[in-house]
Structures are given as structure tokens and as C-alpha cells.
Amino acid sequence: MFLFVLEIMGSIAFAISGAMVAIKKEFDLLGVIVLGITTSIGGGIIRDVILGITPPKTFQNSIYAKVSIVSSVIVFLFVYINRSNMMKREIKVLYEKLLLISDTIGLGVFTVVGINIAYSQLEEPNTFLFIFVGVLTGVGGGLCRDMMAGNKPYIFVKHIYASASIAGALTTVYLWEVTNKNIAMMCGIAVVSIIRFLAAHFEWNLPKIKRTEENNNRMMIQK
């Protein structure tokens with residue numbers, strides 16, 4: 001029951017995330033639903049393929065897809081009904097906040113759910129695989145969402161996204177044998193959430209190389 005509740009929470013959170021991205025890209029209702037459900041179940045499908053679970057759990061139990069569809073439609077209707085009463089600035093603020101909160105919840109939940117599924121499928125402990133599958137479950141849906149929306153993948157450019165998932169996965173795997181698995185999973189979600197919210201508040205990002213204005217001008221001249 002605990003795991004089921006977590007999966008439903010993660011499905012709703014990621015569906016909202018996908019729906020908000022689709023709305024910003026001005027997708028129609030079908031597009032919003034498709035992007036919402038893809039974000040919600042994409043990581044889980046990739047996880048199940050890696051672990052050899054066929055058909056993937058999403059197709060064995062349609063409740064997660066149904067919850068994702070309903071969540072996406074509700075988000076679409078809310079924005080559609082209130083669009084005339086909201087300024088562009090308010091819409092942008094709402095988009096950023098909802099994306100941060102829903103993405104963070106979904107990331108944390110699906111990271112630890114992925115680890116739990118991996119534990120249930122493997123007879124011999126494999127720490128690297130547990131962490132890899134957990135992170136992939138967490139970031140996979142968002143990666144699919146951004147590729148379908150034509151955006152740079154969020155996990156590579158914004159607020160220590162995948163790194164937070166890795167930290168949460170490490171925490172969960174370490175505590176798994178030390179304490180109760182439910183406590184380990186909740187601690188993993190907490191670590192992901194704290195890192196993500198702190199990164200957003202203080203605008204933390206991993207180092208990256210940016211093109212200087214001089215280099216950009218040179219490239220334009222060469223073209």
C-alpha cells in the first residue's frame with residue numbers, strides 16, 4: 001500500500017509537469033495528455049525494459065496511465081478556464097513553481113520506486129545497478145518529455161536535477177540494509193527534494209562551458 005501511494009503521487013506529479021510544459025509550448029488537449037502521460041510513465045517503461053519485466057508494469061496495471069490522463073486534463077482545464085484572468089507574468093511564475101514542485105516530487109518518488117523494483121527483481125545485490133535504475137526511473141520521463149517538446153533536456157541544464165536523483169539513490173541504497181526499507185525510501189525522497197529546492201532557491205547549477213561573445217562573433221564571421 002505504501003509503495004502504491006508513492007507511485008500514484010509520482011504519477012500525478014510528473015503528469016502535471018508534462019502538462020505544464022505542453023501548455024507552455026501551446027499544444028492542444030491531446031498533446032497535453034500525451035506529454036503528461038509520457039512524463040509520468042516513460043521512466044518506468046525504460047526501467048522495466050532494463051530489468052527484463054515484460055510487458056512493463058504500466059501495461060500490466062493501467063491505473064497509473066489513467067491517473068496521468070486525468071491529472072493532465074485537470075491542469076489543462078484549470079489553465080484554460082483561468083487564462084483570461086491571468087497576466088503573462090503570473091502564468092510564467094505559476095509555470096515555474098508548478099514545474100519545480102511537481103518535477104521534484106516525481107523525481108524523488110520515482111528514483112526510490114525504481115530502486116525498490118530493482119531489489120524485488122534481482123536475487124544478488126548490485127549497488128551500481130540499483131542506483132542506475134533508480135536514477136533512470138527518476139529522470140527518464142522528464143527526458144522523454146523535453147525531447148518531445150523540443151527543449152534542451154532539463155536534467156542537463158537546470159538546478160542540479162540528475163545529481164539530486166543520484167544523491168537520493170545513494171542515500172536509499174545505503175540505508176536499505178541499515179534500516180527499514182520504507183524509511184530508506186522516505187529519506188531518499190527527502191534528500192532529492194532538499195537538494196532540488198535549495199538549488200532552485202540559490203540558483204545552483206553544475207559548472208558548464210559557455211561560449212563567449214568574442215567566440216560567437218568569430219563563428220558568425222567564419223560562416
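The analysis underlying the following values was restricted to heavy atoms, covering all of them including side chains, and did not include hydrogens, waters or symmetry mates. Because the structure is predicted, anything quoted here is derived from the model rather than measured.
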Hydrophobic cluster membership, with links at side-chain heavy-atom distances under 4.5 Å among I/L/V/M/F/W/Y: are [X] and [Y] in one?
X	Y	answer
Ile131	Ile50	yes
Val70	Ile41	no
Phe14	Ile74	no
Leu175	Leu122	no
Ile81	Leu98	no

Hey, could you give me the [atom1]/[atom2] distance between [X] and [Y], rounded to the nearest 0.5 Å?
X	Y	atom1	atom2	answer
Ile45	Thr137	CD1	OG1	11.5 Å
Arg196	Ile101	CZ	CD1	11.0 Å
Lys66	Ile37	NZ	CD1	11.0 Å
Thr104	Leu100	OG1	CG	4.5 Å
Met186	Ser193	CE	OG	9.0 Å
Thr127	Leu170	OG1	CG	9.5 Å

Exercise. What pairs of residues pass the ring-ring contact (aromatic ring centres under 6.0 Å, His included) test when at least one of them lies in residues 165-191, not counting sequence neighbours?
Worked result: Tyr119-Trp176
Problem set entry | side-chain contact (heavy atoms from CB on, under 4.5 Å) assessment of Leu206 paired with Ser163 | CA-CA 9 Å; Leu206 294 177; Ser163 302; 3.4 Å; yes
Exercise. Between Met148 and Val21, is a side-chain contact (heavy atoms from CB on, under 4.5 Å) present by the stated rule, with each step listed?
Worked result: CA-CA 10 Å; Met148 291 176 67; Val21 171; over 6 Å; no
For residues 3-11, run the donor-acceptor check on the side chains, cut-off 3.5 Å, and write out each pair with its distance to 0.1 Å, sequence neighbours left out.
from	atom 1	to	atom 2	distance (Å)
Glu7	OE1	Tyr64	OH	2.7
Ser11	OG	Glu7	O	2.8

Exercise. Taking the side chain from Asp48 and the backbone from Lys57, do they hold a donor-acceptor pair closer than 3.5 Å?
Worked result: yes
For this session: Look only at the side chain of Asn180 and the backbone of Asn182, and say whether a donor-acceptor pair between them is shorter than 3.5 Å.
Result: yes
For this session: Only counting residues at least two apart or in another chain, list the ones meeting side chain to side chain donor-acceptor pair (under 3.5 Å) with Lys24.
Result: none
Seminar exercise, completed: Residues passing the side chain to side chain donor-acceptor pair (under 3.5 Å) test with Thr111, sequence neighbours excluded, are Ser165
Closest contact, heavy atoms only, [X] versus [Y]:
X	Y	result
Ser17	Leu99	OG-CD1, 3.4 Å
Pro55	Gln60	O-NE2, 2.6 Å
Phe76	Val32	CD1-CG2, 3.7 Å
Gly134	Ile115	CA-CG1, 3.8 Å
Lys25	Ala149	CE-O, 3.1 Å
Ile46	Cys144	CD1-SG, 4.4 Å

Problem set entry | Partners meeting salt bridge (Lys or Arg N to Asp or Glu O under 4.0 Å) with Arg145 (sequence neighbours left out) | Asp103
Exercise. Can you name the residues that form a ring pair (Phe, Tyr, Trp, His ring centres under 6.0 Å) with Phe27, not counting sequence neighbours?
Worked result: none
Exercise. Do other residues, nucleotides or ligands put more than 12 heavy atoms under 6.0 Å from Phe197 CZ?
Worked result: yes
For this session: Please report the C-alpha distance between Val109 and Met185 in whole Å, then the side-chain angles of each, then the deciding distance to 0.1 Å, and finally whether the side-chain contact (heavy atoms from CB on, under 4.5 Å) criterion is met.
Result: CA-CA 8 Å; Val109 167; Met185 293 170 72; over 6 Å; no
For this session: Answer whether the closest heavy-atom distance between the side chains of Ile117 and Arg47 falls below 4.5 Å.
Result: yes
For this session: Kindly determine whether Lys181 and Asn116 satisfy side-chain contact (heavy atoms from CB on, under 4.5 Å), including the steps that lead there.
Result: CA-CA 8 Å; Lys181 78 170 186 177; Asn116 183 74; 3.3 Å; yes
